[in-house]
Enquirer: 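One structure, as structure tokens, below. Some questions next.
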Amino acid sequence: MCAAILAVGVLAGPAYAEEQGPATDLRAAGWALKETGTAARFRGLAAVSRTTAWVAGSKGTVLRTLDGGRTWQDVSPPGAVAEELELRDIEAFDARRAVALSIGEGEASRVLRTEDGGATWTEAFRNPDPRAFYDCLTFFDARHGLAMSDPVDGKFRILATDDGGRHWRVLPGEGMPAALPGEAGFAAGGQCLVSAGPRDAWLATGGGPSARVLHSADRGRTWRVAESTLPAGDPARGVFALAFRDRTRGLAVGGDYRAGQASPQAAAVSSDGGRTWSGATTPPPAYRSGAAWYPYSGGTALAVGPTGTDVTTDGGRNWRPLDAGSFDTVDCAPDTGCWAAGEKGRVARLERR
């Protein structure tokens, strides 16, 4: 969720949240599925409000709702559909402006942009380097954003924009620490690169001997690296998603994405901006690919994955099951509109039961 939307949402404040959203402990809340009419897998999600959300997924599919999920508009970019691009991340500023990322080696990695609710799309970036593979993107505000690629020449590559995604440039790599052998990002739910405030960004890694989190305080120019407590040592293990409530308080979730594989210690927390991480006392019981803070709640957050949804009310130290349905990603808007999306066209909104 872009910081520009959050800034507007704060004006609405907790009073609106108390009136319209589920209780902040979410005990009386659950996911209400919304019929999308498609079988696409949605790993990209942007929650604008309780009524407006965007989802992006397989075969170039992008849908948008303006009425809380009762109806969905197919606003897919024609070129992405024709080439069956894998759209794994989408960031929306409002009901009309959004930026989507497709993943893949070389030219399969692209950034697409719309200013008219998806009626038309512009290709803003096409990756020219066959060694690069872009995984996620994030925006600090309506102008400044980043995208990340798996390591090229031994370092993660960062792409930057300062005009709302119209133009992108590769940032110099001098301020990026060396990647570990086998280390990469997971394009699992659009949350391997996240931001909070005007300058802070975090990057999640896996596949290497340790699962790490990289932090930048200057919009991607320089990075500091820290080890997390999440499972590592295998290409299928690592940190899959990050969520930062502000520039200090963060969550990391992940594990082993292979079905049936145990994922102990699948969540961690940070209170110092990602410099250090502590494992959750009671983590989710399995691999989780998405996480989001619930607005105005202090310590409430959600984590989702193929085997269910978990909720924490103490800032990520202890998690309990909320729902058993399969989702890949989750996002909450400032007005407490929380959405989840995943396989077989599954999209849901958090509602009181």
Side-chain angles (χ1 to χ4, degrees), residues 3 88-89 91 99 101-113 123-141 143-188 190-228 232 235 238-242 244 247 250 252 254 270 273-277:
R88 294 293 181 92
D89 199 354
E91 302 291 325
V99 179
L101 173 75
S102 69
I103 68 162
E105 296 177 349
E107 292 190 352
S109 284
R110 304 177 196 178
V111 178
L112 307 171
R113 184 176 182 276
E123 184 178 292
F125 172 78
R126 181 180 296 208
N127 172 37
D129 191 335
R131 302 171 299 168
F133 185 115
Y134 285 86
D135 300 294
C136 294
L137 74 157
T138 188
F139 275 84
F140 303 95
D141 51 43
R143 292 179 53 204
H144 302 92
L146 301 176
M148 62 153 286
S149 164
D150 289 340
V152 177
D153 294 329
K155 293 183 177 181
F156 286 93
R157 176 170 288 181
I158 302 297
L159 202 63
T161 179
D162 57 12
D163 59 5
R166 293 178 181 84
H167 302 89
W168 297 80
R169 67 190 184 283
V170 175
L171 294 182
E174 287 80 1
M176 176 65 72
L180 300 175
E183 191 175 30
F186 289 113
Q191 295 176 324
C192 56
L193 179 67
V194 300
S195 58
R199 305 186 70 81
D200 288 273
W202 295 264
L203 185 162
T205 83
S210 64
R212 307 197 298 173
V213 177
L214 283 68
H215 170 233
S216 172
D218 54 10
R219 292 188 185 150
R221 294 180 181 85
T222 61
W223 297 80
R224 173 185 291 181
V225 66
E227 291 193 7
S228 77
V239 181
F240 282 73
L242 298 168
F244 272 80
R247 68 189 312 265
S270 176
R275 291 183 179 86
T276 60
W277 292 87

Enquirer: May I ask you to test the Ile158-Val170 pair for a side-chain heavy-atom distance under 4.5 Å?
Expert: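 No. Closest side-chain heavy atoms not under 4.5 Å.
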Enquirer: Treating Trp202 as the side-chain partner and Gly273 as the backbone partner, does any N or O pair qualify as donor plus acceptor under 3.5 Å?
Expert: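 Yes, Trp202 side chain to Gly273 backbone: donor-acceptor pair under 3.5 Å.
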Enquirer: For the pair Arg157 and Asp129, find out whether any cationic side-chain nitrogen is under 4.0 Å from an anionic carboxylate oxygen.
Expert: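 The answer is yes: the pair qualifies as a salt bridge.
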Enquirer: Kindly check if the number of other-residue, nucleotide or ligand heavy atoms within 6.0 Å of CD (Glu105) is above 12?
Expert: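 Counting neighbours around CD of Glu105, 12 or fewer heavy atoms of other residues, nucleotides or ligands fall under 6.0 Å, so no.
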Enquirer: Show the nearest heavy-atom pair for residues Ser102 and Ala108, with the distance to one decimal.
Expert: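 Here Ser102 and Ala108 meet closest at OG-O, 2.6 Å.
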Enquirer: Check Arg224, Arg247, Arg219 against Asp200 for a salt bridge (Lys or Arg N to Asp or Glu O under 4.0 Å) and give me the one that passes.
Expert: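 Of Arg224, Arg247, Arg219, salt bridge (Lys or Arg N to Asp or Glu O under 4.0 Å) with Asp200 is met by Arg247 alone.
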Enquirer: Would you give the length of the straight line joining atom CZ of Arg221 to atom CZ of Arg199, rounded to the nearest 0.5 angstrom?
Expert: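 Separation between the atoms: 6.0 Å.
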Enquirer: Over all heavy atoms of both residues, which pair between Ser210 and Glu183 is shortest? Give the atoms and the distance, please.
Expert: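 So the two residues come closest at O-OE2, 4.5 Å.
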Enquirer: Please lay out, stage by stage, how Thr138 and Gln191 fare under the test side chain to side chain contact (heavy atoms under 4.5 Å, CB included).
Expert: CA-CA 8 Å; Thr138 188; Gln191 295 176 324; over 6 Å; no
Enquirer: Say whether, by atom type as modelled, one donor and one acceptor occur between the side chain of Ser228 and the main chain of Ala211 under 3.5 angstrom.
Expert: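 Yes, because the side chain of Ser228 sits within donor-acceptor range (under 3.5 Å) of the backbone of Ala211.
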Enquirer: Where the side chain of Ser195 meets the backbone of Phe139, is there a donor-acceptor pair that is under 3.5 Å apart?
Expert: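 Such a contact is found between Ser195 side chain and Phe139 backbone.
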Enquirer: If I compare all heavy atoms of Phe240 with all of Ala188, which pair ends up nearest, and what's the gap?
Expert: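 Scanning both residues, the minimum pair turns out to be CD2-CB, 3.7 Å.
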Enquirer: Give me the atom names and distance for the closest heavy-atom approach of Pro181 to Pro209.
Expert: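 Heavy-atom minimum between the residues: O-CD, 3.5 Å.
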Enquirer: Under the side chain to side chain contact (heavy atoms under 4.5 Å, CB included) rule, what do Val213 and Thr205 come out as? Steps first, then yes or no, please.
Expert: CA-CA 6 Å; Val213 177; Thr205 83; over 6 Å; no
Enquirer: Strictly distance-based, threshold 3.5 Å: is any side-chain N or O of Ser109 a donor or acceptor partner for the main-chain N or O of Phe133?
Expert: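 Side chain of Ser109 to backbone of Phe133: no pair is present.
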Enquirer: Roughly how far apart are Leu146 CG and Leu193 CG, rounded to 0.5 Å?
Expert: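 Going from CG on Leu146 over to CG on Leu193, the span is 6.0 Å.
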Enquirer: Verify side chain to side chain contact (heavy atoms under 4.5 Å, CB included) between Leu203 and Trp223, making sure each step is shown before the conclusion.
Expert: CA-CA 9 Å; Leu203 185 162; Trp223 297 80; 3.9 Å; yes
Enquirer: Between Arg113 (side chain) and Gly164 (backbone), is there a donor-acceptor pair under 3.5 Å?
Expert: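 It does hold such a pair.
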Enquirer: I'd like to know if the side chain of Arg110 and the backbone of Glu107 have a donor-acceptor N/O pair within less than 3.5 Å.
Expert: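 Yes; judged by distance alone, with no hydrogens or angles, the pair exists.
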Enquirer: To the nearest 0.5 Å, how far apart are CG in Asp135 and CE in Met148?
Expert: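 Between Asp135 CG and Met148 CE, I get 4.5 Å after rounding to 0.5 Å.
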Enquirer: Treating Thr161 as the side-chain partner and His144 as the backbone partner, does any N or O pair qualify as donor plus acceptor under 3.5 Å?
Expert: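 Between the backbone of His144 and the side chain of Thr161 there is no qualifying donor-acceptor contact (under 3.5 Å).
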Enquirer: Under the side chain to side chain contact (heavy atoms under 4.5 Å, CB included) criterion, do Cys192 and Leu242 qualify, and how do the steps go?
Expert: CA-CA 6 Å; Cys192 56; Leu242 298 168; over 6 Å; no
Enquirer: When you look at CZ of Arg166, are more than 12 heavy atoms from neighbouring residues, nucleotides or ligands closer to it than 6.0 Å?
Expert: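 Atom CZ in Arg166 is packed in, count exceeds 12.
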Enquirer: Does the pair Arg143/Asp162 count as a salt bridge with the N-to-O cut at 4.0 Å?
Expert: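 So Arg143 does not pair with Asp162 through a salt bridge.
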Enquirer: Might you point out which heavy atoms bring Ala147 and Trp168 nearest each other, and give the distance in Å?
Expert: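 For Ala147 versus Trp168, the nearest heavy atoms are N-CZ3, 4.0 Å.
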Enquirer: When you measure from the side chain of Asp150 to the backbone of Phe156, do you find a donor-acceptor pair of N or O atoms at a distance under 3.5 Å?
Expert: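 Flag not set: sc Asp150 to bb Phe156 has no pair under 3.5 Å.
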Enquirer: Flag the pair Leu214 / Met176 as yes when at least one side-chain heavy-atom distance between them is below 4.5 Å, and no otherwise.
Expert: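 Side-chain contact under 4.5 Å: yes.
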Enquirer: Are side-chain heavy atoms of Leu159 and Phe125 found at a separation under 4.5 Å?
Expert: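 Leu159 vs Phe125: side chains touch.
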Enquirer: Check whether Lys155 reaches the backbone of Ala178 with its side chain - one donor and one acceptor, N or O, closer than 3.5 Å.
Expert: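 No, Lys155 side chain to Ala178 backbone: no donor-acceptor pair under 3.5 Å.
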Enquirer: State, to 0.1 Å, how close Ala226 and Gly274 come at their nearest heavy-atom pair, and which atoms those are.
Expert: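 For Ala226 and Gly274, the tightest heavy-atom pair comes out as CB-O, 3.3 Å.
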Enquirer: Using modelled atom types and a 3.5 Å cut-off, is there a donor and acceptor pairing between side-chain atoms of Asp89 and backbone atoms of Leu101?
Expert: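 No; zero donor-acceptor contacts below 3.5 Å.
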